[in-house]
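Worksheet: the structure to be examined is printed underneath.
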Amino acid sequence: MTLQFFKYQGTGNDFVMIDNRSLDFPKNDTKLINHLCDRRFGIGADGLILLENDEKTDFKMVYFNADGNESSMCGNGGRCLVAFAKYLGVIENTASFNAVDGLHHASIDDDTVRLQMIDVLKVEQFDNYVFLDTGSPHHVQMVSGLEKFDVKTEGAKLRYGKYGEKGSNINFVQKTAPDIFSVRTYERGVEDETFSCGTGVTAVGIAMFVTKQTEATEVTLNTPGGKLKVSFEQNGDVFENVFLQGPAKQVFKGVVEW
Ligand SMILES: N[C@@H](CCC[C@H](N)C(=O)O)C(=O)O
């Protein structure tokens, strides 16, 4: 079988994109998805995303981690999918789409995509970390010496040790200015550090506000793959109008056979 694919990246978080409006892609084939995401034997990516038709919105997002399993929301993937939808002519400069966590709205201007994330209903504060769900589960922890920090080892310890089978994504953070933070993320389902995580930096922005590391409701997050902006409004215990903004680019396209 042959498959036309596209490769996108959003601040270095990279994805195989497939136009599955025909519903031909075998999405239960975990081994195939894992193979396509393999960096040595496949195309190579942190995840694979299908663009499908949706009855009520412009399109539907179906997201798989590199391990081949369908997972929760991917913020950078959502931004890249908006760029892909524009490339395919499915949308112009605005979009609404359904993902596993519900309805999303987005706008695109050149290579910059601004994506509305789900409202955050609960932020749990512990002694040295914060846990919240921004569409995907995130542990947020401040560290010093972030540049040299062993994200893979320490992230894996927490992901498996603290959060068990289901796991969580683990974000390590360092403050660089009143409204600027550096972030490195260990992603479950990739089981490694990725260059950037959209739901992760969204979680970091809100966690930094809740723990009074910042008074700003619009923060800049520097990741190894580039800069993202997160903004939000607090309404009681709930965070609403949560937006994630940054670049999303097509890298290449091709055909694979299997
Ligand atoms: N890279 C993503 C997060 C993808 C989902 C995550 N690996 C999980 O399974 O929770 C992002 O940009 O948000």
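Counting starts at 1 for both ligands and their atoms, in listed order.
The nearest heavy-atom contact from the protein to atom 2 (C) of ligand 1 is C74 SG, 3.0 Å. Scanning the protein heavy atoms around atom 3 (C) of ligand 1, the nearest turns out to be E187 OE1, 3.5 Å. For atom 8 (C) of ligand 1, the closest heavy atom belonging to the protein is R188 NE, 3.3 Å. In terms of protein heavy atoms, atom 12 (O) of ligand 1 is closest to G198 N, 2.6 Å. Among all non-hydrogen protein atoms, the one lying nearest atom 6 (C) of ligand 1 is N169 OD1, 3.4 Å.
Using a 4.0 Å cut-off between a side-chain N of Lys or Arg and a carboxylate O of Asp or Glu, K27 and E52 qualify as a salt bridge. D46 and R39 are joined by a salt bridge, as a carboxylate oxygen and a charged side-chain nitrogen come within less than 4.0 angstrom of each other. The pair R21-D19 meets the salt-bridge criterion, since a charged nitrogen lies less than 4.0 angstrom from a carboxylate oxygen.
Between F239 and F209, the ring-plane angle classifies as perpendicular under the 30° and 60° cut-offs. Under the 30°/60° scheme for interplanar angles, the aromatic rings of F131 and Y163 are found to lie parallel.
Counting only N and O atoms by type, the side chains of D24 and S22 include a donor and acceptor under 3.5 Å apart.
Within ligand 1, counting atoms from 1 as listed, the ones closer than 4.0 Å to a heavy atom of G75 are 11 (C), 12 (O), 13 (O). Ligand-side atoms of ligand 1 in range of T199: 3 (C), 11 (C), 12 (O), 13 (O), range being under 4.0 angstrom from any heavy atom. Numbered from 1 in the order shown, with element, the atoms of ligand 1 that lie under 4.0 Å from a heavy atom of N76 read 11 (C), 12 (O).
Note on ligand 1: N65 sits in its first shell, one or more heavy atoms being nearer than 4.0 Å.
Counting heavy atoms under 4.0 Å from ligand 1, residue C197 touches it through both backbone and side chain.
Geometrically, R184 does not engage F172 in a cation-pi contact defined by less than 6.0 Å to the ring centre and at most 45° from the axis.
No N or O atom of Y63 sits closer than 3.5 Å to an N or O atom of ligand 1. Taking distance alone, with nitrogen or oxygen atoms compared against 3.5 Å, G77 stays at or beyond that limit from ligand 1.
With sequence neighbours excluded, no residue satisfies salt bridge (Lys or Arg N to Asp or Glu O under 4.0 Å) with K60.
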